[in-house]
Number of protein chains: 2
Amino acid sequence: MELTTAEENYLKAIYHLSEEGKKSVSTNDIAASIQTKPASVSDMLRKLGEKEVIQYRKYYGLQITPLGMRLALQTIRKHRLWEVFLVDKLHFAWDEVHEVAEQLEHIQSTLLIERLDAYLNYPKFDPHGDPIPDAFGDVRSRPRIALQEMGIDQSGQIVAVKDSSPAFLRYLDKVGAYIGARIKVLDKVEFDGSVEILVDQKKTLFMSKDVANNILVLTS
Amino acid sequence: MELTTAEENYLKAIYHLSEEGKKSVSTNDIAASIQTKPASVSDMLRKLGEKEVIQYRKYYGLQITPLGMRLALQTIRKHRLWEVFLVDKLHFAWDEVHEVAEQLEHIQSTLLIERLDAYLNYPKFDPHGDPIPDAFGDVRSRPRIALQEMGIDQSGQIVAVKDSSPAFLRYLDKVGAYIGARIKVLDKVEFDGSVEILVDQKKTLFMSKDVANNILVLTS
DNA sequence: CTTATTTTTTAGAACTATCTAATTTAATTT
DNA sequence: AAATTAAATTAGATAGTTCTAAAAAATAAG
Ligand SMILES: [Mn+2]
Ligand SMILES: [Mn+2]
Ligand SMILES: [Mn+2]
Ligand SMILES: [Mn+2]
């Protein structure tokens, strides 16, 4: 059973929204996340239901099936492997890869993706710190929390970003926050939720609640 | 002005047929070369005419415009660079690349193709010996003739293949004919056009007219 | 427990790409 | 030059994706 490019994009969006812990994924959420209209989503949900990658009862909601999960993870695997390729081999900046990977993820060739994986030395994480599912769709995810949720004096390591938009990533580049950086929370401002951190025991950094919410940390 | 994937495929086919020296490219030729029906071709020719990548008068024929030429060469450049990537970096066999490159050539990103070119060290030829146009669409093509057209005792070097089908390429692998091989024509059979050649001054090889017609040689 | 609001779905249209069958035009034969 | 054959185009359908506007269903408010 083959999915079209559009179907793969919808399914991926549904998978991501499901993972965000939301009780259920709404038509409007999907529409917002892939910049389309709710009417188009309703139509696609019916189709995805027929293809049995989701279980769908109209007006009631949906749930990904095991098959849908497997297919979504395959697409995510391809997306993230291509991102690694673009950064590691073609020297793209981490804020330049998403749009291209969005296209490359739809190339159909099992051989290609296996060879790419080997060529990149079986990477476990993409340039944004997100885990790369293996060929069977298994993902080993690390326990990670938003920087915003850390307490004063708590230490950890930046392992991923929640937001992969160029604007956010370039901001992080500018202030010197990067994946792998060791950090410690020096202060938190009650009033606006902003945070002051120490990066690599050298540099202090102030960041808004918004920013701190989009940085994921492995605490130590 | 952007072309769709289908439009790029048609334009590429038209370009290739034009290059084959045919006086003019027929609707049926195009249909045959991209496995589609003449009716679909007529429809697409009208659209390509409107987009001014070809000049088209119905029932009379068509001609690629300079714009169409430029766009076709861009797609061909991408196709061939990806083929080099697949063979050189991902260790695909030369008969395994075409189908995947057929997809990859449609990825839209100028940065990607520039970086890929640099990463591959600005290759001049693809795995089948076909020249890779530069970023401006310039192709430097070598004077080459079909092995079938060589005379007895004439020497040369295999530089390309006309047919890139897996069946043909695997046959060449099997008998030990490869791009770069130095050859000399030992005998030609009048009756059926078959040829006997010496490869790398070591090995003699018999091949049918059909095979000899699809091997391109740079004579010395 | 009605009424209002929000969410979701359907109806109808547009655009792309493709096909089969019918028609039109061009090229060949007699 | 008329008749036949071949090539090319048009007509009409189907399938996929997306949109706007309208309708229906579910949820929230009074
Ligand atoms: Mn995509
Ligand atoms: Mn990523
Ligand atoms: Mn193609
Ligand atoms: Mn090639």
Side-chain angles (χ1 to χ4, degrees), chain A residues 1-14 17-18 20 22-64 68 71-72 75 102-103 105-108, chain B residues 1-14 17-18 20 22-64 68 71-72 75 102-103 105-108:
Chain A
M1 202 263 316
E2 307 274 286
L3 298 182
T4 66
T5 292
E7 287 165 349
E8 282 183 351
N9 284 335
Y10 274 95
L11 189 57
K12 200 159 59 96
I14 290 167
L17 290 169
S18 302
E20 276 173 23
K22 297 267 180 70
K23 50 245 149 236
S24 81
V25 179
S26 78
T27 301
N28 278 339
D29 287 347
I30 298 168
S33 88
I34 58 177
Q35 276 110 248
T36 182
K37 294 291 177 294
S40 309
V41 175
S42 281
D43 228 51
M44 186 56 94
L45 292 183
R46 191 185 40 71
K47 283 202 290 178
L48 293 178
E50 279 165 14
K51 291 204 171 187
E52 301 190 322
V53 296
I54 63 172
Q55 207 192 327
Y56 173 58
R57 276 182 313 154
K58 56 190 189 182
Y59 292 112
Y60 270 79
L62 63 92
Q63 203 173 5
I64 302 200
L71 294 175
T75 306
E102 214 38 61
Q103 298 177 60
E105 71 189 359
H106 304 293
I107 303 290
Q108 305 218 310
Chain B
M1 202 262 318
E2 307 274 283
L3 299 181
T4 66
T5 291
E7 287 166 349
E8 282 183 350
N9 285 334
Y10 274 95
L11 188 57
K12 199 159 60 95
I14 290 167
L17 290 168
S18 301
E20 276 174 23
K22 297 268 180 70
K23 49 238 150 244
S24 80
V25 179
S26 78
T27 300
N28 278 339
D29 287 347
I30 298 168
S33 86
I34 59 178
Q35 278 109 250
T36 183
K37 294 291 177 295
S40 308
V41 175
S42 281
D43 228 50
M44 186 56 93
L45 292 182
R46 192 185 38 72
K47 282 201 289 179
L48 293 177
E50 279 165 16
K51 291 204 171 187
E52 302 190 319
V53 295
I54 63 172
Q55 206 191 328
Y56 174 59
R57 276 182 314 153
K58 56 190 191 182
Y59 293 111
Y60 270 80
L62 64 92
Q63 203 174 4
I64 301 200
L71 294 176
T75 306
E102 215 35 63
Q103 298 176 61
E105 71 189 358
H106 305 291
I107 303 289
Q108 305 220 311

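Throughout, a chain's letter reflects where its sequence line sits, starting with A, and its residues are numbered from 1.
- B:Ala13 and B:Ile34 get closest at one heavy-atom pair: CB-CG2, 3.6 Å.
- End-to-end axis angle of the helix from C:dC1-D:dG30 to C:dT30-D:dA1, using five pairs per end and rounding to 10°, comes to 10°.
- In this structure the side chain of B:Ile107 reaches within 4.5 angstrom of the side chain of A:Ile107, judged on heavy atoms.
- Using a 4.5 Å heavy-atom cutoff, the side chains of A:Gln103 and A:His106 are not in contact.
- Between B:Ile14 and B:Leu45 the shortest side-chain heavy-atom distance falls below 4.5 Å.
- Boundaries of the chain B contact region on DNA chain C are C:dT16 to C:dA26, first to last in 5' to 3' order (nucleotide atom under 4.0 Å from a heavy atom).
- For the pair A:Glu20 and A:Val25, the minimum side-chain heavy-atom distance is 4.5 Å or more.
- Counting any heavy atom pair closer than 4.0 Å across all strands shown, B:Ala39 reaches a base atom.
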Could you list the donor-acceptor pairs under 3.5 angstrom formed between side-chain atoms of residues 47-59 of chain A and any protein atom two or more places apart in sequence or on another chain?
| from | atom 1 | to | atom 2 | distance (Å) |
| --- | --- | --- | --- | --- |
| A:Glu50 | OE2 | A:Arg46 | NH1 | 3.2 |
| A:Lys51 | NZ | A:Glu2 | O | 3.1 |
| A:Lys51 | NZ | A:Glu7 | OE1 | 3.1 |

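- Under the side chain to side chain donor-acceptor pair (under 3.5 Å) criterion, no residue pair touches residues 33-44 of chain B, with sequence neighbours excluded.
- Remark: A:Asn9 CG to A:Ile30 CD1 distance equals 12.5 Å, nearest 0.5 Å.
- Counting 5' to 3', DNA chain D first comes under 4.0 angstrom of a heavy atom of chain A and last does so at the ends given by D:dG16 to D:dA26.
- Taking the nucleotide of DNA chain D with the nearest heavy atom to each of A:Lys58 and A:Lys47, the more 5' of the two is matched to A:Lys47.
- Counting heavy atoms from C-beta outward, B:Thr75 and B:Leu11 have side chains that stay 4.5 Å or more apart.
- Listed by chain and residue number, nothing satisfies the salt bridge (charged side-chain N to carboxylate O under 4.0 Å, His left out) test with B:Glu8 (two or more places apart in sequence, or in another chain).
- Among the protein residues, A:Thr27 comes within range of the sugar-phosphate backbone only, with heavy atoms under 4.0 Å from sugar or phosphate atoms but none that close to a base.
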